[in-house]
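As structure tokens, the structure follows; a few thoughts come after it.
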Amino acid sequence: MIQHSLYRSAVVLILMAISMINCTSSSTKQVTPTNVTAKSDWWKSAVVYQIYPRSFKDSDGDGIGDLKGIISKLDYLKSLGIDAIWLNPIYTSPNDDNGYDISDYRTIMKDFGTMEDFDLLLKGMHERGIKLIMDLVVNHSSDEHQWFKESRQSRDNPYRNYYHWWPAEKGTPPYRWSFFDVNSNAWKYDTLTNSYYLHYFSQKQPDLNWENPKVRNEVYDIMRFWLDKGIDGFRMDAFQFASKDTTWPVLPKDYQKDVIRYYGKGPHLHDYLQEMNKEVYSKYNVMSVAEGAGSSPADAMQFVDPDRKELNIAYHFESVDIGNHINDFGLVKYKQIFERYDSTFKDKGWLAIFLANHDQPRMVSKFGNDSAAYSALSSKMLSTFVLTMRGTPFYYNGDELGMTNIRFNSIEDYNDVDTRNKYTALQQSGGNLKAFIELKKQTSRDNGRTPFQWDNTTNAGFTIGKPWLKVNPNYTSVNVAMQEQDPNSCLNYFKKLIQLRKQTNIFTTGAWALVDKNNPDVFAYTRINGNERYLVMLNFTSKSTSINTGINLEKATLVLSNYPKTSTIGNLQPYEATILKY
Ligand code: GLC
């Protein structure tokens, strides 16, 4: 009660401050990044923007985004204020899994261009002060990679041990579940040598055998090839699965419900990472990010504890794998995840913060509200979250516009191997296909992969050809050209957030603590560095609500909000995001 009256007494003062500074006139200025940390820690203060190259910008009219397309948009990227770009795989690939099945690690996929285009892209980025992070996909290769073609040939081929094989005379291999296989079986029988090979993902993505030192050295050479070209780091795809227990124990029934525990903590995983660090990473000042990092904060710490000399940044999946929509799992549970991770990482180690990527639905459709009334507001609210948390923000292209799920009605519209294979499996088993399509409208990875929306010309200005995946029809109102002109747009709000993050170290390194933790509607937290104190309040609902901050806000000033007029202290409007300095 005492606290409550304090808010009330602060209301008048705060309202005065608020009326002077509103969202569109906030005091954020263009500034260069603050060097908050030692140069070798540059990745801690970086804002990483993820580009899905297939969907970003097509330069030659074949309907597929390409490197020249990205080059043509470098000034847009610079205007965002981001520090680094993570590019999904651009290497030669038959595209069973859109580039995550690599058949040549040292060449560029024809759809995307040439090595000359790549060199120009890297140069153009570096000239604009933007770093480049590449995807390193080495848990598996494509079955069309020369190594696998050799490996299949005979049991005594020199490349045989580059992959995991099980001779059929030993009987059926112990069952392993596959993420993408139609039959949910990770062992595929191959007649040529009467053996099975292992593929945790699709049949066209055979798992490399990391126990073989030759494989490890091949990978280190590939890494040096790109790092010597001047790239600034790698995002390590699915690497937690690289080490297998090759005694192939029989696993408990239904273990796939806890698959990370059985696949993600192989016996030599950290030996490999330490070796990789010694051989490669320690020789370059680059970013190394683990996709997936076990199933607990303690697991994640093992990847990035500086004393262990493995990787720089871990991104865990607990915050995205929790359910299909925020209303299903609830905000309190959601907040607890971040609290658990932050308390483990407060003194050492480093995490990524993200709400979306190319494997997820659109952030606004999952954590916000993509209805016409609330799409822009909730999108800005979620951007506020990603850009004010502790950790390195990984922000997915298109989210700065508030792009939403497309919600295809037919399986024919889908491209994603995961969605298509699961549909086929269900079809074969006589499952409920209608319910499946309904579910995929919310969850399919293709929701996040529709072409980037540049303007309101045909195909959103993405291509003059036929786009490889349909364009979201809302491009006529959600696009860069319109949002650049509108000072209140999601895009301009995103830019302000980035500038804010660069004006002060606080959002990078400041202590983080939840406020009003059991509030089911509001995600609020403080960021504190010495005398500098910020309060971030985010209403995750479409109703007006209240918050009990317990903080004396008498002298607080408004830093940024997604509303032109913020609420009285203690109250928040639907999807309101408000940052106060106090
Ligand atoms: C990672 C990628 C995903 C891909 C999978 C297999 O999870 O993000 O897109 O399908 O690995 O490489």
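Quick note: numbers below take in every heavy atom, side chains included, and nothing from hydrogens, waters or symmetry partners. Just follow the structure's listing: the first ligand is 1, and inside any ligand the first atom is 1.
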Considering only heavy atoms of [X], which atoms of ligand 1 have at least one such atom less than 4.0 Å away?
X	answer
D97	4 (C), 5 (C), 6 (C), 10 (O), 12 (O)
R445	3 (C), 4 (C), 9 (O), 10 (O)
E291	1 (C), 2 (C), 7 (O), 8 (O)
H140	6 (C), 12 (O)
H358	2 (C), 3 (C), 8 (O), 9 (O)

Q.
For the residue pair K440 and Y423, would you count it as a cation-pi contact if the rule is NZ or CZ under 6.0 angstrom from the ring centre and within 45 degrees of the ring axis?
A. no
Q: Would you verify whether the NZ or CZ of K73 falls within 45 degrees of the ring axis of W454 while also being under 6.0 Å from that six-membered ring's centre?
A: yes
Q: Determine yes or no for a side-chain-to-main-chain donor-acceptor pair under 3.5 angstrom, with N405 supplying the side chain and R362 the backbone.
A: yes
Q. So which heavy atom in the protein is nearest atom 5 (C) of ligand 1, and how far is it from that ligand atom?
A. F201 CE2, 3.8 Å
Q) Can you tell me which residue and heavy atom of the protein come closest to atom 8 (O) of ligand 1, and the distance to 0.1 Å? A) D359 OD2, 2.5 Å
Q. Can D83 and K131 be said to form a salt bridge (charged side-chain N to carboxylate O under 4.0 Å, His left out), step by step?
A. CA-CA 6 Å; D83 304 287; K131 295 182 189 287; over 6 Å; no
**Q.** Among D101, D143, D96, salt bridge (Lys or Arg N to Asp or Glu O under 4.0 Å) partner for K204
**A.** D143
Q | Contact check, R235 vs ligand 1, heavy-atom distance below 4.0 Å | A | yes
Q.
Yes or no: does F180 have any heavy atom under 4.0 Å from an atom of ligand 1?
A. yes
**Q.** Nearest-option assignment for atom 2 (C) of ligand 1, heavy atoms, candidates D101, D237, D418
**A.** D237
Q) Using the ring of each side chain (for Trp, its six-membered ring), is Y49 parallel, tilted or perpendicular to F56, with breaks at 30° and 60°? A) perpendicular
**Q.** Greater than 12 external heavy atoms within 6.0 Å of K309's NZ
**A.** no
